[in-house]
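Every heavy atom of this structure was used, including side-chain atoms; hydrogens, water molecules and symmetry mates were not. A note on names: the letters A, B, ... follow the listed sequences, proteins ahead of strands, and every chain is numbered from 1.
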2 protein chains.
Amino acid sequence: MNKKYTIKDIAQLAGVSKGTVDRVLHKRGKVSQKALDSINAVLSEIDYEPNLIARNLKNNKIYTICVVLPDPAYDSYWLPCIKGIEEAIKEFKAFNLTIETHYFDPESSKTFLDVNEIVVDRAPDAVLLAPLFYKEALGIVEKYIKKEILVNTFNNQVESNEIRNFVGQDLHRSGRVAAKLMASISQKGQIAIIHIAEKFKNAIHMQEKEKGFRSYFVEKEDSIYEIISLKLKRTNYEAKLTDFLTENPKLSGVFITTSKAYQIVEIINEAVNDKISIIGYDLLEKNITLLNNGKIDFLINQNPKQQIYLGISFLVDHFIFGKELRNTTFLPIDIVNSENASYYME
Amino acid sequence: MNKKYTIKDIAQLAGVSKGTVDRVLHKRGKVSQKALDSINAVLSEIDYEPNLIARNLKNNKIYTICVVLPDPAYDSYWLPCIKGIEEAIKEFKAFNLTIETHYFDPESSKTFLDVNEIVVDRAPDAVLLAPLFYKEALGIVEKYIKKEILVNTFNNQVESNEIRNFVGQDLHRSGRVAAKLMASISQKGQIAIIHIAEKFKNAIHMQEKEKGFRSYFVEKEDSIYEIISLKLKRTNYEAKLTDFLTENPKLSGVFITTSKAYQIVEIINEAVNDKISIIGYDLLEKNITLLNNGKIDFLINQNPKQQIYLGISFLVDHFIFGKELRNTTFLPIDIVNSENASYYME
DNA sequence: GAACAAAATGTGCTCGAACACATAATTAAA
DNA sequence: TTTAATTATGTGTTCGAGCACATTTTGTTC
């Protein structure tokens, strides 16, 4: 990969002008067989790679990317995304690029639709979307596509051929990771899967995690574990949880499928005397505190910051450097304990 | 960050020519106070960011980067590095860049010196070095600096003001992560730290890991653990290990500070009847097999591939886009079990 | 105020790809 | 063979930063 050839070099070697080489490279036709042959002969011998820097200099279009995600004020799971966006802006500010952030309320599908309506009207070149509401997302993707706006997603997977790119985690696998961890630290007994959500049916991600978690133990064919699940809503979850704990006094482990572990860990600790293993999700400040004082054993990092940063950089690579968009990028399922947490928080 | 201003724009706004703006931006002097003021006034109002693409078009120098690392044929820990280099070459092939790989024998400081001598003579723009031999590395760094060759390191940290950049892991912290894991899965008893190396005194990285591991238990002030360490050499390590195991029959956990866990796990399993917790390093094929069939509990990923890839991309960002080199980049200390391993192996 | 030096400022070219447009070569029709 | 139509090929300009060089302005001295 030593000498870098230019179009001019190829033209010279093939004995034609750079215009003709350009037509061959871009298959614009209007080239004689003779010229085509001699240029192809040169191309097959050298390793021509167009200079991306020169190619993009000419392209003085300013690309606009809109990022649509839940307002971190409602759910601090999304807080790291702000940093991710800021980093991306800083990293790419020297290119012709505008990045806009648009928030919606994660518990209101109406605000989701509204904000996307606004973004459609802004007519950006691409949207990076956290499609929390499955059905609504499908509809809104249609609208984007009709206006020829590129749609990529992160965090939540939505099955659609129109979506070019997804960055997130394999949730089924993520449940399996939790299960394996649980088996490592809790030798036997009852294990509870606890979901905390308003509408469980809409929360496909929790269902996937539960399936993954259970699949691990099914494959293990180990009768020393008994898996039970519990769904909690925001209203009156304390009472329901306390009841559950008195009904199941032999609990040895709890797997919480959302980032809300901090809401219930203290309640569990007060109600149960024995050591109980707790595995949750995400490095929220409150979870980290519980991790550090030993009340949570492991957290699984879904890495929202990296998700959004990568989502943006794929778009930049696509627009600025003409790179292809790969279809799905599954981020690693990071296992976090008190000692390595800092590296995933920055 | 909407409109992108160019030098021409600034010149127009300040009522001067682009040459004068250029002189101000680069502090080349020869500018009147009046012109300076008006240009500064414009600069303070707008957010000028030079177009990196245009800046680098002119710079038609071909940068050469030499990567110096142990030959993976001797130690397959380094195998992923090949992939990392290949990915970097692919990613950056459109820029004016040549990446050369040079191997040495990880057990021979002579080959280390020899290959670096060759690289010095090749006079690249930068070297990315795995400085396995501390003392020798310091000497060779001097030589590079004298020839104005930029030196960055990865994997092993060497204290030197001449080294601009290091990518690797905080080994002390990495030992602590292992300790915390050990405490999670092994409730009590004797725990062994096992080093496998020819020259322990030279192997600072193992010492750091041991210190970190012990520091965790010291802070915990938990008398239910007893930590003992053992050094093994390649010759006759089986006998020495077997002796050690008979002398310490109550062993409940083993922490292996190198990627060589696969060499001793089977021996341990044959000699010990009780469940013994094993934590090792790095995703070598043989380690992964043992992880998958439950004979290793956790592996800590040092991510050599990512280390080398990042090391190269920092250099590219520096040369091609004029980015500053940050001093030290500590990669996350990834905890790996059978369920999430695939994400760290690609 | 002329003559000259020094400082300040402006102009024009380069990098490589892309594409519009001008010109040359070839073929078809008269 | 001439003319027009078609096809093939070459030329020139653009993008933004950077820098060499030309030109203008200012300052100094006799």
Pair of N/O donor and acceptor under 3.5 Å linking D:dG12 base with A:Lys18 side chain: yes
Give a yes/no answer on whether the side chain of [X] brings an N or O atom under 4.0 Å of OP1 or OP2 in [N].
X: A:Arg23; N: D:dT9; value: no
X: A:Tyr48; N: C:dA17; value: yes
X: B:Ser32; N: C:dA7; value: no
X: B:Thr20; N: C:dA8; value: no
X: B:Ser17; N: C:dG10; value: yes

For the residue pair B:Phe92 and B:Tyr309, does the interplanar ring angle fall in the parallel (under 30°), tilted (30 to 60°) or perpendicular (over 60°) class? parallel
Relative to each other, are the rings of B:Trp78 and B:Phe154 parallel, tilted or perpendicular (30° and 60° limits)? perpendicular
What's the [atom1]-[atom2] distance between [X] and [N], to the nearest Å?
X: A:Gln33; N: D:dT7; atom1: CD; atom2: C1'; result: 14 Å
X: A:Arg28; N: C:dA20; atom1: CZ; atom2: C1'; result: 10 Å
X: A:Lys58; N: C:dC15; atom1: NZ; atom2: P; result: 17 Å
X: B:Ile62; N: C:dC15; atom1: CD1; atom2: P; result: 14 Å
X: A:Asn96; N: D:dG16; atom1: CG; atom2: P; result: 8 Å
X: B:Lys8; N: C:dT9; atom1: NZ; atom2: C1'; result: 18 Å
X: B:Glu49; N: D:dA17; atom1: CD; atom2: P; result: 10 Å
X: B:Ile39; N: C:dT9; atom1: CD1; atom2: C1'; result: 10 Å

Taking C:dA17, C:dC15, D:dG10 as options, the one with an atom nearest any side-chain atom of A:Val16 is D:dG10
Picking from C:dT9, C:dC19, D:dT9, which would you name as closest to the side chain of A:Val31?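 The listed nucleotide nearest to A:Val31's side chain is D:dT9.
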Less than 4.0 Å between a side-chain N and a carboxylate O, is that true for B:Asp47 and A:Lys93? no
Start at the 5' end of DNA chain D and walk down; is the nucleotide closest to B:Tyr5 or to A:Gly19 reached first?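 So the residue in question is A:Gly19.
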Quick check: do B:Val24 and B:Val16 have side-chain heavy atoms less than 4.5 Å from each other? no
Touch check for A:Asn51, heavy atoms < 4.0 angstrom, all strands: base, sugar-phosphate only, or nothing? sugar-phosphate
Please check if the number of heavy atoms outside B:Lys147 that lie under 6.0 Å from its NZ is greater than 12. yes
Whichever of B:Lys30 and A:Leu52 has its nearest DNA chain C nucleotide further upstream toward 5': B:Lys30
